[in-house]
Amino acid sequence: MDGYSLGYANIALVKYWGKKSKDPVLPYNPNISLRLDNLLSKTKIEKSLSNEDEFYINDEKQGPEEVNKMIKFISKFTPVAREKICIKSYNTVPTAAGLSSSSSGTMALVLACNEYFKLNKSTQEMVEIAKEGSGSSCRSFYKLAAWLEDGSVEELSCKLDFGMMVLVVNEDRKKISSRVAMEQCVQTSTTFASWVEKAKKDFVLMKEALKEADFEKIGEITESNALAMHETTTTSSPSFTFLTEESHRAMDIVKQLRSQGYKCYFTMDAGPNVKVLYLKEDQEKLHEEISKLWNKKIILCME
Ligand code: DP6
């Protein structure tokens, strides 16, 4: 696909779940993610052939609400007087299903704007811009990234070669967006304060574990952090959950395989799908075992 800019999805090992400030966007707790190189969005901007701004996802024309959302975001950093544009985006990630399509989509859009409007922004400047579109997208610019409480984004490194697969429960658009859901949790969850406290500790422990290349520790923190984040949804008012019975079945499969000696851990985001973290060297064997227990779709994310 010629002339398309590529944006990657990322999955948090320590989650961002709550904005301490909305302008500029600052997270309540520092968070860490892993980029998934084959869950991506491809975006291109062209001159619109009609006299209105247009936006297509996977060749499907988006309605005025979606177009306005995009234009409002890009107007923050593109020329005020500009001709009408057509944004064409393709997701290999199911859109808005808690598979981080907003992070890959936002990264691709920022890169495409940089290209089309010849903005000449540095990576650091684009990281700053992306964050205003979707907080978690600022981490997609690096393979392993930390987004800190002061808003800065750091590249981390780890000797381990990770793999991630998604046990797909449901690819439909989620009913409640992560933005709305996290705001409700900030405002009403009785465990929000303890979540932030735990996430801050998890961040420090995760950085240590990554440095020591201690996969067991990395996996344990990843799981317990995800569970604490999801707890804030059930303790919010009104109470809700992104997880279904099938998500719990997928989590049980991961635990069962672990008890059999497989090194694998789960995490979930604002949707029912379960992501499994493992070491790349174990991918083939683990995929074979999981496929025997999970008869639905499995996406390998880091081939
Ligand atoms: C559960 O980045 O989608 O995936 O900043 O409001 O656009 P906005 O939220 P978004 O939230 C991501 C939440 C999460 C956890 C994570 O990726 O850290």
Side-chain angles (χ1 to χ4, degrees), residues 7-36 39 41 66 69-70 72-73 76 91 93-110 127-142 144-149 151 153 156 164 166 173-187 189 192 195-196 198-200 202-203 206 221-223 225-234 236 240-243 247 266-275 277 301:
Y8 303 96
N10 72 72
I11 298 296
L13 306 181
V14 174
K15 309 290 183 195
Y16 143 57
W17 191 244
K19 295 176 181 68
K20 194 168 62 183
S21 148
K22 286 182 191 152
D23 189 16
V25 178
L26 295 175
Y28 259 104
N29 61 280
N31 45 87
I32 296 182
S33 69
L34 192 61
R35 188 168 77 186
L36 307 180
L39 284 195
S41 300
E66 290 300 313
K69 216 164 92 183
M70 289 300 116
K72 194 172 162 209
F73 168 54
K76 293 181 186 173
N91 286 336
V93 191
T95 309
L99 287 175
S100 199
S101 61
S102 70
S103 61
S104 59
T106 306
M107 177 183 178
L109 179 63
V110 173
V127 164
E128 288 305 316
I129 292 169
K131 190 187 299 173
E132 302 300 321
S134 170
S136 59
S137 70
C138 67
R139 299 181 311 226
S140 285
F141 288 79
Y142 304 106
L144 199 57
W147 179 21
L148 309 179
E149 282 170 89
V153 180
L156 304 178
M164 208 176 249
V166 185
R173 267 177 186 269
K174 52 199 173 198
K175 289 180 195 76
I176 172 165
S177 73
S178 35
R179 180 158 305 180
V180 171
M182 78 168 73
E183 182 59 19
Q184 184 183 314
C185 294
V186 171
Q187 299 292 340
S189 164
F192 191 76
W195 146 253
V196 173
K198 176 182 161 50
K200 285 183 179 177
D202 284 349
F203 177 81
M206 182 61 88
I221 303 165
T222 299
E223 266 192 21
N225 184 270
L227 291 172
M229 179 208 118
H230 283 271
E231 197 192 359
T232 67
T233 67
T234 55
S236 87
F240 70 101
T241 180
F242 291 112
L243 308 176
S247 316
F266 59 73
T267 184
M268 294 79 57
D269 293 283
N273 301 307
V274 173
K275 292 107 191 181
L277 178 70
C301 306

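Keep in mind it's a predicted model, so treat the numbers as computed, not measured. Numbers here simply count residues along the sequence, with the first being 1. Every number for a ligand or one of its atoms is a count from 1 in the order of the listing.
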With only distance considered, is [X] within less than 3.5 Å of ligand 1 through an N or O on each side?
X	value
W17	no
N10	no
G135	yes
N31	no

Exactly one of N29, I32, N225 clears side-chain contact (heavy atoms from CB on, under 4.5 Å) with F203, and that residue is I32
H230: which of L243, D269, T267 passes side-chain contact (heavy atoms from CB on, under 4.5 Å): L243
Hey, is [X] touching ligand 1 through its side chain, its backbone, both or neither, going by heavy atoms under 4.0 Å?
X	value
S134	both
S102	side chain
R139	side chain

Tell me whether ligand 1 is touched by M182 - counting only heavy atoms on the residue side and a distance under 4.0 Å. yes
Can K131 be said to touch ligand 1, with heavy atoms closer than 4.0 Å? no
Can you tell me how far [atom2] of [Y] sits from [atom1] of [X], rounded to the nearest 0.5 angstrom?
X	Y	atom1	atom2	result
F192	M229	CZ	CE	10.5 Å
K15	S33	NZ	OG	9.5 Å
W195	Y28	CH2	OH	13.0 Å

Proximal ligand 1 atoms for A12, defined as those under 4.0 Å from one of its heavy atoms: 16 (C), 17 (O), 18 (O)
For the residue pair Y8 and S140, what are the closest heavy atoms and their distance? O-OG, 2.6 Å
